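Everything on this sheet refers to the single structure shown next.
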2 protein chains.
Amino acid sequence: MFSQSEENYIKAIYHLGVEVTKGISTNAIAKRLETKASSVTDMIKKLSEKEVVVYKKYQGVTLTDFGKKTAANIIRKHRLWEVFLVEELNFSWDEVHEVAEQLEHIKSPKLIDELDAFLGYPKRDPHGDPIPDKDGNLPQIQKSLLATLQKNEKGVCVGVNDTSSEFLRFLDKQEIGLGQDIEVLDKEPFDDSFLVKINGKEITISNKVANNIYIQKK
Amino acid sequence: MFSQSEENYIKAIYHLGVEVTKGISTNAIAKRLETKASSVTDMIKKLSEKEVVVYKKYQGVTLTDFGKKTAANIIRKHRLWEVFLVEELNFSWDEVHEVAEQLEHIKSPKLIDELDAFLGYPKRDPHGDPIPDKDGNLPQIQKSLLATLQKNEKGVCVGVNDTSSEFLRFLDKQEIGLGQDIEVLDKEPFDDSFLVKINGKEITISNKVANNIYIQKK
DNA sequence: ATAAATTTTTAGGCAAGACTAAAAATTTAT
DNA sequence: ATAAATTTTTAGTCTTGCCTAAAAATTTAT
C-alpha cells in the first residue's frame with residue numbers, strides 16, 4: 001500500500017515518462033510536483049526500495065512494470081471519478097481536477113469496480129483521456145493535434161492537451177467540446193492561426209489553441 | 001482547514017459527547033481512536049489553540065460551538081457517502097463504514113452539496129442515523145430501544161445502536177432492516193429475551209440484540 | 001487522612017515528508 | 001581541455017502525529 005505522497009510521485013513519473021525512453025530527471029519531477037529536487041531524491045530512494053522505480057544516481061528514474069501498473073490504477077481512479085463528477089454531479093470539465101486529485105487516493109477495490117459499473121464502464125474521461133481497465137491497459141485511439149490538420153480537413157474533437165481551467169473555460173465559451181465536429185476552412189500563414197467551422201459558425205483560432213486540441217480525422 | 005487526524009479527533013469527541021455534559025476524558029478519546037493518552041493530550045492542545053475545543057488540564061475537553069459545527073459537517077459527509085455507497089454502488093450496510101471513513105475527509109463544498117442533491121436530500125443514513133443539514137442541525141426523531149417495549153407494543157425499526165459488521169449481518173440474516181415492522185408478542189423474564197413478530201414470522205431475540213435496535217412506536 | 005490506584009501530562013524520541021544550504025557530479029561553453 | 005553553469009545528492013533541520021517512560025495530579029480505598 002502506498003501513501004498519498006508516494007502515489008503522487010508515481011503518477012507524476014508516469015505522466016512525465018509517456019513517450020520518453022530515458023529516465024525521468026529529478027528536476028522534472030520536482031517541477032511537476034512543485035517541490036524541491038532534494039525532496040524528490042529522498043522519495044525516489046524510497047520508491048526504489050519498494051521496487052516501483054529503477055534508479056541510478058544522477059541518471060533519473062524509470063517505472064518498473066509494477067510501477068506502471070500501480071500508476072495506471074491511480075489514473076484509472078482519477079478518471080473514473082472525473083466522469084462521475086461531470087456526469088452525475090454537475091461539475092464542469094474545468095472543475096473536476098482538484099477534487100479527483102483527492103478522490104483518487106481512496107482505498108477500496110470494491111468502490112472503484114462498482115463506480116465503473118455504475119458509470120457504464122466509460123472509456124474516456126471528460127477531457128477525452130482514456131481510462132485504463134482493471135489490468136492497467138489503455139485503449140489507444142489515434143488522434144492528431146488540430147494544428148497538424150490541412151486546409152479542408154475535417155475531424156471530431158476527441159481530447160485536449162492543456163487541461164487548465166483557463167483553457168477549458170475558453171473552449172466552453174467557443175462552444176468547443178468533446179464530440180464537436182471541426183472543419184479547417186483556412187490556415188493563415190502570417191500567424192499560423194486557423195479559420196475553422198464549428199457548429200455552423202466560422203471562427204478564428206490561434207495556433208496555441210490549435211496545438212491543444214486533439215482531433216480524430218474523418 | 002483541518003487535517004484528517006484533526007478531523008478524526010473532532011468526530012470522536014463529538015460522538016463521545018452526545019448526551020454528556022461533563023468534559024470528555026483523555027482516556028476515553030484514546031480508547032475510541034485506538035491511540036495513546038499522551039497522543040491525545042498533544043492533539044487536544046492543538047485543537048484548543050484552534051478554538052475547536054475548550055480544555056483545562058486534567059478536566060477533559062468540550063467542543064466549542066465552532067467545534068460542534070465542524071463535527072456535524074464531517075458527520076454529514078460521512079453519512080451522505082454511506083447513503084451513496086448503499087443506494088448507488090451496491091454496498092451492504094455492514095461494508096460502508098471503512099470507505100466512508102476515508103471519503104468523509106474529501107475537501108469540496110460543491111461535491112457534498114451536489115452529492116446531497118443527487119441522493120435526493122436523504123434524512124438518514126443506511127443505519128437510520130440522521131444526516132445533519134448544511135448548518136449542522138440534526139433532525140431528531142424520538143426513538144426507543146426495542147428492549148424498552150412492553151408486551152403487545154408495535155413499532156418500526158428506525159436505527160441500530162451497534163453498527164459492527166457482525167451485528168448488521170446478523171440482522172440481515174433475521175431479515176431485520178430499517179422500516180421493518182416489529183411487534184413484541186412476549187417477554188421472557190428468565191433471560192429478558194423477546195418473542196417478536198417480524199415479516200409474519202415469530203422469532204426469539206436476545207436481550208443484547210433488543211438493546212441495539214431502535215424502534216419508533218406506533 | 002493517608003496510601004494506593006488510576007488518569008493525565010510532560011519529556012524525549014521516532015518516522016514521513018518536506019525544506020535550505022552546501023557538496024559532488026554532470027553537462028555545456030569557451 | 002578546462003572553466004562555468006547546471007543538476008543532483010547529501011547533510012542537517014523542521015513539522016505533524018505518533019510512541020514510551022516517567023512525573024504529576026487526581027480519584028479511590030482503607
Side-chain angles (χ1 to χ4, degrees), chain A residues 1-14 16-17 20-63 67 70-71 74 101-102 104-107, chain B residues 1-14 16-17 20-63 67 70-71 74 101-102 104-107:
Chain A
M1 206 85 317
F2 297 101
S3 71
Q4 293 201 185
S5 197
E6 287 172 328
E7 290 191 345
N8 287 335
Y9 274 90
I10 294 168
K11 198 162 52 110
I13 295 166
Y14 178 91
L16 291 166
V20 169
T21 38
K22 328 173 289 179
I24 310 304
S25 78
T26 302
N27 252 7
I29 299 169
K31 194 164 294 174
R32 185 168 180 111
L33 293 178
E34 293 180 293
T35 183
K36 298 296 153 120
S38 54
S39 308
V40 175
T41 303
D42 284 351
M43 182 57 92
I44 277 172
K45 284 181 186 164
K46 210 170 119 190
L47 292 178
S48 177
E49 273 163 31
K50 293 194 176 184
E51 315 221 333
V52 174
V53 299
V54 175
Y55 164 63
K56 284 213 205 86
K57 272 189 194 177
Y58 295 96
Q59 309 223 161
V61 293
T62 334
L63 288 173
T70 304
I74 300 166
E101 285 288 301
Q102 299 179 61
E104 73 188 5
H105 300 297
I106 302 292
K107 263 94 179 163
Chain B
M1 207 85 318
F2 298 101
S3 72
Q4 292 201 186
S5 197
E6 287 171 328
E7 289 191 345
N8 286 335
Y9 275 91
I10 294 168
K11 198 162 51 110
I13 295 166
Y14 179 91
L16 290 167
V20 170
T21 39
K22 325 175 288 177
I24 310 304
S25 79
T26 302
N27 251 8
I29 298 169
K31 194 165 290 171
R32 184 167 180 111
L33 292 179
E34 292 180 294
T35 182
K36 298 298 154 117
S38 53
S39 308
V40 175
T41 303
D42 284 352
M43 181 59 91
I44 276 173
K45 284 180 185 165
K46 210 170 118 189
L47 292 178
S48 177
E49 273 162 32
K50 294 193 176 187
E51 315 221 331
V52 174
V53 299
V54 175
Y55 164 63
K56 283 215 206 86
K57 275 190 194 176
Y58 295 97
Q59 308 222 163
V61 292
T62 333
L63 287 173
T70 304
I74 301 166
E101 286 287 301
Q102 299 179 63
E104 73 189 4
H105 300 297
I106 303 292
K107 261 94 178 164

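Keep in mind the model is a prediction, meaning the values are calculated, not measured. Letters go in sequence order (proteins before strands), and every chain restarts at 1.
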pair_partner(C:dT26), Watson-Crick or wobble, both distances < 3.5 Å, evaluates to D:dA5
Item to complete: Would you indicate, yes or no, if C:dT10 has its OP1 or OP2 atom less than 4.0 angstrom from a side-chain nitrogen or oxygen of B:Tyr58?
Response: no
Checklist entry - Hey, is the main chain of A:Gly23 close enough, under 3.5 Å, to the side chain of A:Gln59 for a donor-acceptor pair? => result no
Between CG of B:Asn8 and P of D:dC18 the distance, given in whole Å, is 9 Å
In whole angstroms, the gap separating C1' of D:dC19 from CG of B:Leu33 amounts to 15 Å
Between CD of B:Gln4 and C1' of D:dT16 the distance, given in whole Å, is 13 Å
Taken to the nearest 0.5 Å, the spacing of B:Glu7 CD from B:Met1 CE works out to 7.5 Å
pair_partner(D:dA11), Watson-Crick or wobble, both distances < 3.5 Å, evaluates to C:dT20
Contacts of B:Ser38 and B:Met43 projected onto DNA chain D by closest heavy atom; the upstream (5') one is B:Met43
Self-check item: N/O (side chain, A:Thr41) to phosphate O (OP1/OP2, D:dT9) under 4.0 Å
Solution: yes
Rounded to whole Å, NZ of A:Lys31 lies from P of D:dT6 at a distance of 12 Å
Q.
Please check: side-chain N/O of A:Lys45 versus main-chain N/O of A:Tyr55, any donor-acceptor pairing under 3.5 Å?
A. no
side-chain contact (heavy atoms from CB on, under 4.5 Å) test vs A:Val61 passes for just one of A:Leu47, A:Ile29, A:Thr26, A:Leu16, namely A:Ile29
Separation of D:dT16 atom P from B:Phe2 atom CZ, nearest Å, is 14 Å
Checking N1-N3 plus N6-O4 or O6-N4 for Watson-Crick, or N1-O2 and O6-N3 for wobble, each under 3.5 Å, the partner of C:dG13 is D:dC18
Q) Counting only side-chain N and O atoms of A:Thr26, is one of them less than 4.0 Å from OP1 or OP2 of D:dT9? A) yes
Separation of D:dA25 atom P from B:Lys57 atom NZ, nearest Å, is 8 Å
Separation of D:dT20 atom P from B:Asp42 atom CG, nearest Å, is 13 Å
Short side-chain N/O contact from B:Lys36 to OP1 or OP2 of D:dA21, under 4.0 Å: no
When rounded to whole Å, the OH to P distance for the pair B:Tyr9 and D:dT16 reads 14 Å
